[in-house]
Amino acid sequence: MKIQVLPPEEARRIAAGEVIDRPAALIRELLDNAIDAGASAIDVSIEGGGSKKVEVADDGSGMGREDLETCWLAHATSKIRSLDDLNTAETLGFRGEALAAIAAVAQLEIISNTGAVESWRLNVGPGLGNPPQITAAGRTKGSTIRAINVYDTIPARKRFLKRDGSEAALCRQVFIEKALAFPWINFRFTQDGRLKDFFPAAVSKKERFAAALLETGTGQLLHEIHVSGDGFSADVVIGGPELFRTDRRYLYIFANGRRIQDYSLVTAMEYGVQGWFPNGTHPLGAVYVDIDPSLADFNIHPAKREARFRDPGAIHHAVTSGLRDFCRRLGLKTAAQTEPHSTNQLAMAALSDTTDFFTTNHTNQHERRQDSGDQVRRDVFAQTYTAERAPVYGDIRYAGSIFGLFILAEQGDKLFIIDQHAAHERILYNRFLAAPIPRQELLIPIYFNTESIKDDQFLEAKQKELAALAIVLERDGNVSEGDDGSKGDTGWHITALPEGWRLGDAETVQEILKLRNATENIAERWAATLCCHQAVRDGDYLDEIQALALATEALALPDPRCPHGRPVWTELSREALCKAVRRT
């Protein structure tokens with residue numbers, strides 16, 4: 001016969017490899033059990049990257065002799081009794097496979113006490129014979145679980161482990177993830193006899209996040225908000241723009257205490273703080289979702305690294321809108337509210353209304369000349385700043401410009417270096433959001449065909465919203481989709497655009513379709529696009545009056561960053577300049 005039924009022992013070892021694929025997975029399962037047991041303190045110790053020994057000790061509820069005799073068997077569990085219980089399970093583990101899998105790949109020792117006088121020890125695993133050994137032991141309430149010589153009897157699995165240092169780093173990462181999810185528990189991590197991490201119980205998720213992941217261990221630059229919806233709530237820890245990163249490694253998603261991979265919620269965090277971080281950078285933070293178990297399925301992955309939510313859009317919306325409202329509410333402090341800014345020490349603070357220093361008439365728009373984009377941009381700038389002023393306004397003095405890019409302004413004993421494009425971009429952005437965008441009818445409509453059914457669906461769904469942004473579209477034909485997902489024959493006309501718009505037809509269509517990626521944030525994304533094209537550019541000449549006007553309004557911005565997250569200005573003190581040239 002070609003087909004043979006594997007011996008139970010061999011089948012058990014192969015199946016165990018799906019759950020315990022490396023020492024870090026073993027630690028994850030044992031930590032879940034310790035937390036489910038109600039532990040307030042958990043100690044993790046590893047040797048040899050975890051392949052020589054893994055030990056997890058806790059002060060939880062413990063097990064008696066009868067439970068020790070059963071706990072290592074496949075699908076033995078105290079968490080559920082039937083399939084229906086999966087709909088209400090609130091524990092981290094529930095399938096009864098962790099201890100059985102560990103016993104299949106390592107020598108397993110459990111010492112446990114329920115708080116009674118007697119403690120018991122279980123020894124089971126390859127080479128220890130059957131039945132398992134149960135002996136008396138000494139221990140206070142809780143459990144100590146050791147896995148020794150992991151994969152020694154499965155050379156094929158052990159051969160593909162990384163070197164000890166790399167496996168140890170993966171073990172520590174799992175440890176940190178659990179510590180982040182349960183800040184009220186004391187966690188300790190020891191590697192080859194050396195204490196690597198100790199996280200005492202914290203009063204908030206923000207405090208634990210700072211202790212576990214920030215070098216300084218301080219949460220002063222972290223913020224914590226709370227959002228909720230139908231059947232769920234979420235705490236969001238987010239770092240200020242001072243803590244930006246060039247990757248997404250410090251973005252964590254937790255659901256009912258489990259770390260999961262959920263790209264949608266990672267992007268929700270980034271959408272929520274869009275405009276606060278420089279282009280190409282990412283925030284750091286975590287979303288802690290607490291959801292009714294009946295509204296989520298955690299049983300879709302062997303290691304429970306993924307979850308399926310019944311209404312993921314509602315959670316995404318709550319996180320994005322909560323973060324966006326938080327950023328607007330707090331803003332960035334102005335120089336008038338606190339100590340002067342520096343690009344390295346920006347703090348989130350209460351948002352104050354922007355003071356308009358200039359007389360600007362938004363209703364009497366001048367007739368646009370049909371000439372180059374550069375000239376149009378200069379016209380827009382001249383329209384914005386028409387007040388006649390001397391090179392001094394209040395306590396701000398225009399000190400010159402450098403490189404055709406930066407404006408220099410003095411205020412007290414500070415020298416401000418202002419990026420003229422970023423400053424004008426932010427000022428226009430605020431104004432585009434504060435007032436209706438003027439519309440300009442096109443003499444010759446722009447005709448185009450979309451390339452995907454998703455583009456058609458987006459334009460149709462957002463047609464009214466786009467019209468409010470001065471983008472008027474009309475559809476030719478009906479949106480249709482073939483069995484293979486292909487788009488039907490659908491065309492569109494653009495009949496009006498924002499006043500002053502000067503991009504070519506192809507670029508215009510491209511910019512409009514890019515709004516599909518803005519999800520809920522279309523108005524802000526479009527305002528950023530408009531101000532980017534209309535703001536004064538590097539090398540554009542500004543006279544003293546225009547430069548002073550721009551500098552004055554830039555220094556009054558409550559959020560001195562361009563819509564793409566770059567700082568509008570930086571500052572140098574008289575003291576710092578004197579020190580730089582050793583002038584005393």
Side-chain angles (χ1 to χ4, degrees), residues 23-46 50 54-63 71 78-79 89-94 98-99 102 110-115 139-147 168 170-191 194-214 217-219 222 224 226 233-237 250 252-260 285-291 293 298 303-305 307:
L26 189 156
I27 288 176
R28 181 190 64 240
E29 298 293 343
L30 294 183
L31 285 174
D32 283 353
N33 283 348
I35 294 167
D36 284 342
S40 62
I42 303 175
D43 289 357
V44 177
S45 176
I46 67 171
V54 167
E55 178 178 304
V56 175
D58 67 67
D59 61 352
S61 58
M63 291 182 285
C71 68
S78 62
K79 317 296 175 62
E90 297 182 352
T91 52
L92 296 174
F94 45 76
L99 294 180
I102 296 170
I110 304 177
I111 304 173
S112 196
N113 186 313
T114 60
R139 195 200 189 284
T140 56
K141 183 182 178 182
S143 299
T144 299
I145 303 181
R146 298 187 184 98
L170 293 172
C171 291
R172 181 173 178 266
Q173 178 61 33
V174 169
F175 168 84
I176 288 175
E177 290 171 5
K178 292 300 179 185
L180 289 174
F182 297 91
W184 57 87
I185 298 177
N186 289 279
F187 283 90
R188 190 187 307 267
F189 183 82
T190 303
Q191 178 183 337
R194 292 187 175 184
L195 179 64
K196 292 289 187 179
D197 296 291
F198 173 54
F199 305 133
V203 298
S204 67
K205 295 180 176 69
K206 180 180 77 170
E207 180 183 328
R208 174 57 62 81
F209 191 98
L213 298 176
L214 299 188
T218 175
L222 292 173
E224 188 171 339
H226 182 79
S233 63
D235 293 318
V236 183
V237 172
Y250 279 21
Y252 294 84
I253 307 298
F254 298 95
N256 289 8
R258 301 174 179 86
R259 192 200 175 174
I260 62 171
V287 175
Y288 301 83
V289 179
D290 185 11
I291 188 168
F298 294 100
K304 296 183 281 290
R305 295 191 187 103

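All figures in this text were calculated on a predicted structure; none of them were measured in a lab.
At least one side-chain heavy atom of I110 sits under 4.5 Å from a side-chain heavy atom of M63. N33 is listed as a side-chain neighbour of L99, based on a closest heavy-atom distance under 4.5 Å.
Of all heavy-atom pairs spanning A181 and Y288, the tightest one is CA-CE2, 4.0 Å. The shortest heavy-atom contact between I35 and I185 is CG1-CD1, 4.1 Å. Among all heavy-atom pairs drawn from A24 and C171, the shortest one is N-SG, 3.7 Å.
The closest donor-acceptor contact from the side chain of N113 to the backbone of R139 lies under 3.5 Å. A donor-acceptor pair under 3.5 Å is formed between the side chain of N186 and the backbone N or O of A201. A donor-acceptor pair under 3.5 Å links the side-chain atoms of S112 to the main chain of G142, judged by distance alone.
Relative ring orientation between F182 and W184 is described as perpendicular, the plane-to-plane angle rising above 60° on a 0-90° scale split at 30° and 60°.
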Margin query: Could you walk me through whether V287 and Y252 satisfy the side-chain contact (heavy atoms from CB on, under 4.5 Å) test, starting with their C-alpha distance in whole Å, then the side-chain angles of each, then the deciding distance to 0.1 Å, before giving a yes or no?
Written below: CA-CA 6 Å; V287 175; Y252 294 84; over 6 Å; no
Checklist line | salt bridge (Lys or Arg N to Asp or Glu O under 4.0 Å) evaluation trace for D32 with K178 | finding: CA-CA 8 Å; D32 283 353; K178 292 300 179 185; 2.5 Å; yes
Note to self: What verdict does the side-chain contact (heavy atoms from CB on, under 4.5 Å) test give for V54 and I145, after you've listed the backbone C-alpha separation in whole Å, the side-chain angles of each residue and the deciding distance to 0.1 Å?
What the structure shows: CA-CA 8 Å; V54 167; I145 303 181; over 6 Å; no
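The structure places CG of L26 at 4.0 Å from CD1 of I102, a figure rounded to the nearest 0.5 Å. Atoms CZ and CZ, on F199 and F209 in that order, are 11.5 Å from each other to the nearest 0.5 Å. Summarising the geometry, atom CG belonging to D235 is positioned 4.0 Å from atom NZ belonging to K205; distances are rounded to the nearest 0.5 Å. Note that the CD1 atom of I46 and the CD1 atom of I27 stand 5.5 Å from one another [nearest 0.5 Å]. In this structure, CG in D290 is found 4.5 Å from OG in S233, a value given to the nearest 0.5 Å. Separation of atoms CZ (R259) and CG (L180) is listed at 8.5 Å; rounding is to 0.5 Å.
S45 is linked by a side chain to side chain contact (heavy atoms under 4.5 Å, CB included) to E55, T190, counting only residues two or more places apart in sequence or in another chain. With sequence neighbours excluded, the residues satisfying side chain to side chain contact (heavy atoms under 4.5 Å, CB included) with K196 are F189, Q191. Remark: S40 pairs with D59 by the side chain to side chain contact (heavy atoms under 4.5 Å, CB included) rule, at least two apart or across chains. Partners of A202 according to the side chain to side chain contact (heavy atoms under 4.5 Å, CB included) rule, which considers only residues two or more places apart in sequence or in another chain, are P183, E207, R208. Listed by chain and number, the residues in a ring pair (Phe, Tyr, Trp, His ring centres under 6.0 Å) with F187 are F175 (sequence neighbours excluded). Considering only residues two or more places apart in sequence or on other chains, D197 meets the salt bridge (Lys or Arg N to Asp or Glu O under 4.0 Å) condition with R172. Here E224 pairs with nothing under the salt bridge (Lys or Arg N to Asp or Glu O under 4.0 Å) rule; sequence neighbours left out. R188 is linked by a salt bridge (Lys or Arg N to Asp or Glu O under 4.0 Å) to D43, counting only residues two or more places apart in sequence or in another chain.
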